[in-house]
Amino acid sequence: MTQIIAHRGARNLWAENSLSGFRNVVELGVGAVEFDLHLGASGEVLVIHDATLDRTTTGTGPVRALTDDTRHNLRLIGPDGEIAEGVPTLTEVLDILAPVPGLRLFPEIKADENGVYDPALIAATVQTLRAYDVVSRTVLHSFDTGVLRMIRDTAPECARKVSVNRDWVDRQGGVRAFFGGLGDLAGLVAVHHELFEAEFDLITNLFPLEQMGVWTLNDPDLIARWLGRGVGFLTTDDPRLAHRIMAQEMAI
């Protein structure tokens with residue numbers, strides 16, 4: 001059965017990568033949650049998508065400059081405006097998610113404002129995951145295979161996923177070259193729905209369908225279409241909608 005992944009803590013429903021969003025996702029009963037990681041000023045792992053604060057918070061400037069005080073002074077911006085939360089740390093998020101039995105975690109290792117991936121972020125993330133004893137149900141992911149290589153070398157016990165879209169495969173020399181170059185770097189592949197639609201037969205001949213997912217789907221017809229294809233996982237900003245459609249499909 002296709003697993004539904006709540007993208008950025010279900011950002012169409014609640015402020016993305018927010019503690020309240022993660023609590024609500026747990027209440028919703030999803031099987032998997034995706035979120036994003038950056039380093040703060042003191043080396044703490046922060047949960048936020050962009051390398052800068054401007055889009056999702058009331059602040060400006062690079063995430064890397066955030067201190068513990070300044071992150072609390074910010075306010076996250078959700079679908080309904082500001083909420084009374086600042087940028088959370090990975091430990092704060094795991095305090096919510098780690099106790100949920102069987103919940104799969106999909107943290108993405110992000111580049112900083114200069115487009116650089118910091119090995120210290122990977123090391124700090126793995127250390128925290130080990131401390132919370134959630135490595136066995138965590139899949140670390142990135143678009144960059146160099147990052148996956150660092151994860152493999154730092155923590156070979158961590159499962160890895162690579163994300164890909166048309167632009168990225170074209171930069172790698174095409175679909176065949178991309179999949180042919182993966183080797184042992186990733187056991188899961190998340191494919192953007194437009195690329196997957198255009199190259200479905202080729203892609204499914206190159207990699208097992210049950211180890212692939214599609215992102216990011218919020219349209220009811222597209223969700224139903226891809227659930228019907230039996231992909232391993234489906235990433236959405238609205239897991240409530242996806243679960244409703246899945247229940248309808250199963251009842252037919």
(message) Nearest 0.5 angstrom please: R11 CZ to T216 OG1, how far?
(response) 7.0 Å

(request) Determine whether L182 and F207 make a side-chain contact, defined as any pair of heavy atoms from C-beta on separated by less than 4.5 Å. (result) yes

(request) Could you tell me whether the side chain of E85 and the main chain of L19 form a donor-acceptor pair under 3.5 Å? (result) yes

(request) Count the heavy atoms of every other residue, nucleotide or ligand shown that sit under 6.0 Å from CZ of R152, and state whether that count exceeds 12. (result) yes

(request) Could you check if a side-chain atom of F233 sits within less than 4.5 angstrom of a side-chain atom of K161, using non-hydrogen atoms only? (result) yes

(request) Count the heavy atoms belonging to other residues, nucleotides or ligands that lie under 6.0 Å from CD of Q127, then report whether that count exceeds 12. (result) no

(message) I want to check something: taking the side chain as every heavy atom from C-beta on, are V25 and I96 in contact at a cut-off of under 4.5 Å?
(response) no

(message) Apply side chain to side chain contact (heavy atoms under 4.5 Å, CB included) to residues W226 and E197 and explain how you reach the verdict.
(response) CA-CA 9 Å; W226 284 98; E197 186 67 53; 3.8 Å; yes

(request) Output the distance between atom CD (Q3) and atom CZ (F106), rounded to the nearest 0.5 Å. (result) 5.5 Å

(request) Check the pair H192 / R166 against side chain to side chain contact (heavy atoms under 4.5 Å, CB included), numbers first and verdict last. (result) CA-CA 8 Å; H192 188 269; R166 171 63 72 183; over 6 Å; no

(message) Between I77 and R55, is the side chain to side chain contact (heavy atoms under 4.5 Å, CB included) condition met? List the steps.
(response) CA-CA 8 Å; I77 300 172; R55 181 180 64 87; over 6 Å; no

(message) Determine whether a donor-acceptor pair (N or O, by modelled atom type, separation under 3.5 Å) exists between the side chain of E34 and the backbone of R8.
(response) yes

(message) Measuring only between side-chain heavy atoms, which start at C-beta, is V175 closer than 4.5 Å to I203?
(response) yes

(request) Look only at the side chain of T235 and the backbone of H7, and say whether a donor-acceptor pair between them is shorter than 3.5 Å. (result) no

(request) State, yes or no, whether a side-chain contact exists between T89 and L94 at a heavy-atom distance under 4.5 Å. (result) no

(request) Over all heavy atoms of both residues, which pair between I223 and L234 is shortest? Give the atoms and the distance, please. (result) O-CD1, 4.0 Å

(request) Using the rule that two of Ile, Leu, Val, Met, Phe, Trp, Tyr join whenever any of their side-chain heavy atoms come within less than 4.5 Å, decide whether L37 and L39 are in one cluster. (result) yes

(request) Determine whether more than 12 heavy atoms belonging to other residues, nucleotides or ligands lie under 6.0 Å from atom CG of D184. (result) yes

(request) Indicate yes or no: at least one non-hydrogen side-chain atom of T91 is less than 4.5 angstrom from one of T128. (result) yes

(message) We want to know whether D237 and N218 form a side-chain donor-acceptor pair, criterion being a heavy-atom distance below 3.5 angstrom.
(response) yes

(request) Is it possible for you to say whether L121 and L105 belong to one hydrophobic cluster, with membership spreading through side-chain heavy-atom contacts below 4.5 Å? (result) yes

(message) Nearest 0.5 angstrom please: F179 CZ to E199 CD, how far?
(response) 10.0 Å

(request) Any chance you could measure L13, atom CG, to D80, atom CG, to the nearest 0.5 Å? (result) 10.0 Å

(request) Run the salt-bridge test on R225 and D221 with the 4.0 Å N-O cut-off and return the result as yes or no. (result) no

(request) Say whether V33 and V45 are linked into one hydrophobic cluster, either directly or through other cluster members, by side-chain heavy-atom distances under 4.5 angstrom. (result) yes

(request) Might you point out which heavy atoms bring P119 and M150 nearest each other, and give the distance in Å? (result) CG-SD, 3.8 Å

(request) Search all heavy atoms of G59 against all heavy atoms of L74 and return the closest pair with its distance. (result) CA-CD2, 3.5 Å

(request) List the atom of P156, the atom of R160, and the distance in Å for their closest heavy-atom pair. (result) O-NH1, 3.9 Å

(message) I want to check something: taking the side chain as every heavy atom from C-beta on, are M212 and F196 in contact at a cut-off of under 4.5 Å?
(response) yes

(message) Just to verify, which of L90, N17, V63 counts as forming a side chain to side chain contact (heavy atoms under 4.5 Å, CB included) with L46?
(response) V63

(request) Would you confirm whether E44, through its side chain, and S42, through its main-chain N or O, come within 3.5 Å as a donor-acceptor pair? (result) yes

(message) Using a 3.5 Å distance criterion without hydrogens, assess whether the side chain of D144 forms a donor-acceptor pair with backbone atoms of G146.
(response) yes

(message) Grouping I, L, V, M, F, W and Y whenever their side-chain heavy atoms are under 4.5 Å apart, do L188 and V214 come out in a common cluster?
(response) no

(message) To the nearest 0.5 Å, what is the distance between CZ on R104 and OG on S136?
(response) 10.5 Å

(request) Scan L140, V162, I109, D153 and name whichever one has a side chain to side chain contact (heavy atoms under 4.5 Å, CB included) with L148. (result) V162

(request) Group every Ile, Leu, Val, Met, Phe, Trp and Tyr by side-chain heavy-atom contacts under 4.5 Å, then state whether M250 and I245 land in the same group. (result) yes

(message) Looking at I151, is its backbone amide N or carbonyl O close enough to the side chain of T154 to form a donor-acceptor pair, meaning the two atoms are under 3.5 Å apart?
(response) no

(message) Quick check: closest heavy atoms across T236 and L217, and the distance to 0.1 Å?
(response) OG1-O, 2.6 Å

(request) Provide the closest heavy-atom pair for T2 versus M246 in the form atom of the first, atom of the second, distance. (result) O-CE, 3.1 Å

(message) Run the side chain to side chain contact (heavy atoms under 4.5 Å, CB included) test on E113 and H38 for me, step by step, so that the C-alpha distance in whole Å, both residues' side-chain angles and the decisive distance to 0.1 Å come before the verdict.
(response) CA-CA 10 Å; E113 72 277 11; H38 286 274; over 6 Å; no

(message) Any carboxylate oxygen within less than 4.0 angstrom of a Lys/Arg side-chain nitrogen, looking at E92 and R71?
(response) yes

(message) If I take atom CG from residue N165 and atom CH2 from residue W168, how far apart are they, to the nearest 0.5 angstrom?
(response) 9.0 Å

(message) Is the distance between the ring centroids of W215 and H193 under 6.0 Å?
(response) no

(message) Could you tell me if the side chain of T138 sits less than 4.5 Å from the side chain of V126, heavy atoms only?
(response) no

(message) For L53, run the side chain to side chain contact (heavy atoms under 4.5 Å, CB included) check against T60, T70, L66 and tell me which one passes.
(response) L66

